[in-house]
Amino acid sequence: MTGRVTERYNPRVEEPRWQKAWDEAKTFVVRNDDQREPYYVLEMFPYPSGRIHMGHVRNYTMGDVLARYMRAKGRNVLHPMGWDAFGLPAENAAMQNKVHPKSWTYANIEAMRKQLKSIGLGIDWTREFATCDVEYYSQQQKLFIDMLREGLVTRRKSKVNWDPVDMTVLANEQVVDGRGWRSGAIVEQRELNQWAFKVSEFAEELLEALDTLDQWPEKVRTMQRNWIGKSEGLRLLFELSAPYKDFTSIEVFTTRPDTIFGASFIAISADHPLAKALSDQPAVAAFIAETHRQGTATETIDKAEKLGVFTGLHVNHPVKPGATLPVYVANFVLMDYGTGAIFGCPAHDQRDLDFARRYGLPVIPVVLPEGADPEEFEVEAEAYTGPGRAYHSEFLDGLDVDAAKKKIAEYFAQRSVDNRPQGVVETNYRLRDWGVSRQRYWGCPIPVIHCENCGTVPVPDKDLPVVLPEDVTFDRPGNPLDHHPTWKHVACPKCAGPAMRETDTMDTFVDSSWYFARFTAPHADTPTIPGVANNWLPVDQYIGGVEHAILHLLYSRFFTRAMKKSGHLNIDEPFKGLFTQGMVVHETYKDQAGEWLSPADILISGGDNRTAVHAKTGAAVEIGSIEKMSKSKKNVVDPDEIVRTYGADTARWFMLSDSPPERDVQWTEAGIEGASRFLQRVWKLVGDAAELLAQPAGEPDMSDAETAAIRRLAHRTVANVGTDLEGLRFNRAVAQIYELANGLTKFTATTVAASTPGRVGALDEGVSRLIQLVAPMMPHLAETCWAALGKSGLVVDAPWPAVDPALLMDSSVVIPVQVNGKRRGEITVPKGSANDLVEKEALSLEAVARMLEGKSPKKVVIVPDRIVNVVV
RNA sequence: GCGGGCGUGAUGGAAUGGUAGACAUACGGGACUUAAAAUCCCGAGGGUGUACACCCGUGUGGGUUCGAGUCCCACCGCCCGCACCA
């Protein structure tokens with residue numbers, strides 16, 4: 001259908017039409033046995049809250065552009081979608097609205113799938129699943145049992161973070177500033193029987209492999225490194241001067257054994273067994289109680305003072321015979337790191353110094369900074385933690401910190417206390433095992449049965465899956481599974497005696513720790529088909545929010561290793577490339593009463609001094625700060641509304657323009673209008689071009705300057721947009737496309753004025769390339785344009801256009817000429833001109849001659865084809 | 001406190017150590033129109049000047065270099081993450 005296109009492009013008609021066409025052609029259905037090189041692009045799957053938001057649009061558009069581009073480049077592209085569908089909100093909805101979590105969740109999925117489809121994502125929907133599908137979580141139960149068999153899961157009584165509002169356990173990663181990450185309630189400590197994945201067994205591996213993830217943001221790798229928190233040091237025994245109850249020694253962990261000669265006290269945690277034993281002393285008991293109260297109530301830890309209480313006990317100084325050190329219970333020593341006890345060296349640790357100053361303990365410097373005078377050097381208010389040489393340290397004197405650490409470790413290894421070596425070199429990690437038991441209904445049941453005779457028994461394969469019962473009630477707090485009258489009562493698989501099902505379900509982070517692998521064979525009756533999974537994985541490009549930098553990504557990295565160990569995968573890292581995209585932000589608005597107002601309710605006027613009024617009342621509105629879109633601040637823009645008004649392509653284009661993808665993008669009315677204008681401009685350009693293309697086309701005539709220029713521009717743009725898309729630099733790709741569109745618009749006008757077959761040929765080439773470049777980002781518009789240009793097939797199936805390298809190079813170059821580093825003019829010379837010719841040309845410039853004032857230049861720097869710098 | 005990142009026109013932002021401000025938005029002027037919208041064309045970092053042109057300019061101050069937004073040092077400011085981790 002070539003010919004005059006006069007009407008405005010109408011996305012409401014075109015978008016559903018092309019979505020249907022792709023659907024019917026099964027365009028995005030991908031086969032595992034396809035022989036082309038695989039490419040796996042994945043965006044973090046959504047929680048089915050009920051509606052998509054602009055953040056989703058941005059996230060999934062980015063992935064879609066990459067997927068469509070890679071497809072055009074000839075790769076077999078896997079681009080699936082699923083639902084992270086278990087979790088508390090469904091239970092909360094059940095309690096508030098008397099609706100079953102299952103029907104609530106699946107209704108939400110239904111609604112959101114429709115929304116996602118409306119933005120034209122090239123998804124293989126045949127692979128869709130929700131983590132709450134029995135088909136999915138039953139495989140997860142198999143994984144759990146396999147991991148149990150491999151010794152990667154344990155059950156132990158442990159101190160847990162208890163969220164008193166959500167009535168469930170939280171992982172350390174889910175406690176933020178002492179509060180539950182969802183409820184915001186202050187977290188309590190409780191002792192419970194817990195299932196835990198042994199993440200810490202992989203601590204070293206997880207740390208070291210970070211170095212191989214060179215396509216991850218440095219920021220995320222650093223965060224994970226810090227979270228794993230490796231520190232190398234010494235476990236050191238201090239002998240009590242006199243035994244106390246069962247205690248004869250105190251074991252500490254230190255990374256600075258080289259400062260042992262500067263030790264002036266021992267401090268133990270309020271949770272240390274010795275502290276508990278000492279709590280028959282009223283002062284100690286009171287202090288422990290106070291510390292516990294502070295521990296959870298204080299949010300600003302750095303303001304908390306270093307406090308302690310003397311226990312009356314002393315230890316023998318390990319390197320100063322006859323000397324002793326006092327033992328304190330102190331509030332700044334943590335039980336769950338190291339051994340729960342430290343030795344204090346105030347001169348070289350700030351916390352120890354604060355503590356020593358408060359309690360009048362000695363401050364003995366034992367590390368001398370380079371160049372400092374040993375007679376003069378003193379520690380006043382600040383501890384010295386830098387490098388230097390040991391002094392006041394007898395046999396360590398003169399050694400640097402590292403050498404002193406080594407020597408003192410050897411020294412303590414030779415000595416013994418309590419019939420064991422006094423010092424043992426040890427590596428400590430901050431990373432803990434991952435407690436996954438949750439006392440909730442809407443999660444994957446842990447497939448284990450508790451029998452009084454046989455202990456914990458895994459559910460046998462033939463009895464899997466353990467399916468969630470549907471007849472549960474939510475009328476009282478706690479775990480509905482536990483309240484269910486019959487579900488938990490079963491016969492022991494081993495002895496057939498009466499037994500109880502585990503009623504805890506798994507943390508929902510388990511569900512998202514392996515879904516990327518499941519997408520490779522989503523309906524297999526094993527968790528994965530290893531051959532298939534190994535072919536697709538690792539995910540080539542994973543895209544999502546940085547808020548998952550630790551939790552989800554670390555757990556997935558652990559799971560990948562666990563699945564390798566249990567034979568479900570044979571790769572080490574799940575995500576080869578990681579991209580963390582920025583948020584979608586929007587201005588906020590408040591009325592005079594201080595109430596938040598939605599952008600839809602206000603009118604904005606003025607250019608530089610923008611003012612806002614209420615759309616209905618006309619009352620003045622205050623324009624506030626730019627914030628992440630959130631319901632509470634009402635600064636949200638509904639994707640449905642945008643798709644209805646402007647179409648999906650416009651929304652997609654705007655999300656990709658302007659802001660670099662890793663940064664926040666500000667949603668503005670002007671921005672979406674601008675995107676919409678460009679879409680119509682492309683449509684108009686195609687209409688004008690299509691009319692010209694009805695005339696006979698010929699070989700482009702490169703001797704025509706304008707023809708040559710437009711062809712160069714088109715080929716250069718194809719090359720640049722390709723590299724930009726591969727690097728996810730969408731904003732740059734957009735800018736390049738604007739330039740090509742601007743160039744083609746002008747060229748079309750001149751071709752209308754003076755049409756030749758050669759120009760028509762060049763126009764055809766340029767416009768069809770433009771449409772192909774636009775296609776990954778505005779796929780619907782591109783299809784309509786492709787058809788209007790009379791091209792056959794769908795543009796989505798057209799291979800990425802080839803670039804003629806000869807057209808990337810100009811025959812002549814414009815070289816700027818600087819004098820003393822300041823640009824004074826430019827010369828145009830044939831590409832690759834010899835330096836002496838370039839120098840002659842440059843020096844003959846009038847501006848250069850004027851600066852030289854008749855003198856000859858000191859030096860002329862010539863970078864071939866780039867720049868000339870004349871030094872006077 | 002520790003770690004990471006960032007600072008460029010009115011705004012979002014471009015710029016392998018090589019013409020700073022591409023591209024877009026907002027703005028101003030013009031064309032078209034009875035008018036408006038839409039569309040198209042032109043202008044635009046600051047300053048001096050009639051013009052050719054010149055001076056200043058990427059948070060601040062130094063340095064390396066023929067040449068620095070980019071590299072190095074120090075400082076200021078903002079953002080993010082972790083945080084009594086011994």
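Below, read A as the first sequence line, B as the second, and so on, with proteins coming before strands; counting in each chain starts at 1.
B/U19 and B/A68 have their C1' atoms separated by 14 Å, with the value rounded to a whole Å. Only the C1' atoms considered, B/G12 is 15 Å distant from B/G7, to the nearest whole Å.
In the set B/A24, B/C85, B/G18, B/G18 carries the atom at the smallest distance from any side-chain atom of A/Val863. When the nucleotides B/A86, B/G13, B/G3 are ranked by their closest atom to the side chain of A/Arg663, B/G13 comes out on top. In this structure, the nucleotide among B/G18, B/A38, B/A86 sitting nearest to the side chain of A/Arg866 is B/G18. Closest to the side chain of A/Lys822, from the set B/U25, B/G3, B/C56, is B/C56.
Salt-bridge check for A/Glu204 with A/Lys230: passed, with a basic side-chain N closer than 4.0 Å to an acidic carboxylate O.
The base of B/C66 has none of its N or O atoms less than 3.5 Å from a complementary donor or acceptor on the side chain of A/Lys859.
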Next item on the list: Please step through salt bridge (charged side-chain N to carboxylate O under 4.0 Å, His left out) for the pair A/Asp354 and A/Arg358, ending with a clear verdict.
Entry: CA-CA 6 Å; A/Asp354 295 345; A/Arg358 187 176 186 97; over 6 Å; no
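No side-chain donor-acceptor contact under 3.5 Å links A/Asp865 to the backbone of A/Lys831.
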Donor-acceptor pairs are to be reported for all side-chain atoms of residues 661-670 of chain A against protein atoms at under 3.5 Å, with residues two or more places apart or in another chain.
{"unit_1": "A/Asp664", "atom_1": "OD1", "unit_2": "A/Met583", "atom_2": "N", "d": "2.9"}
{"unit_1": "A/Thr668", "atom_1": "OG1", "unit_2": "A/Gly671", "atom_2": "N", "d": "2.9"}
{"unit_1": "A/Glu669", "atom_1": "OE2", "unit_2": "A/Tyr646", "atom_2": "OH", "d": "3.2"}

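Within the 4.0 angstrom heavy-atom criterion, no nucleotide atom of any strand lies near A/Pro217.
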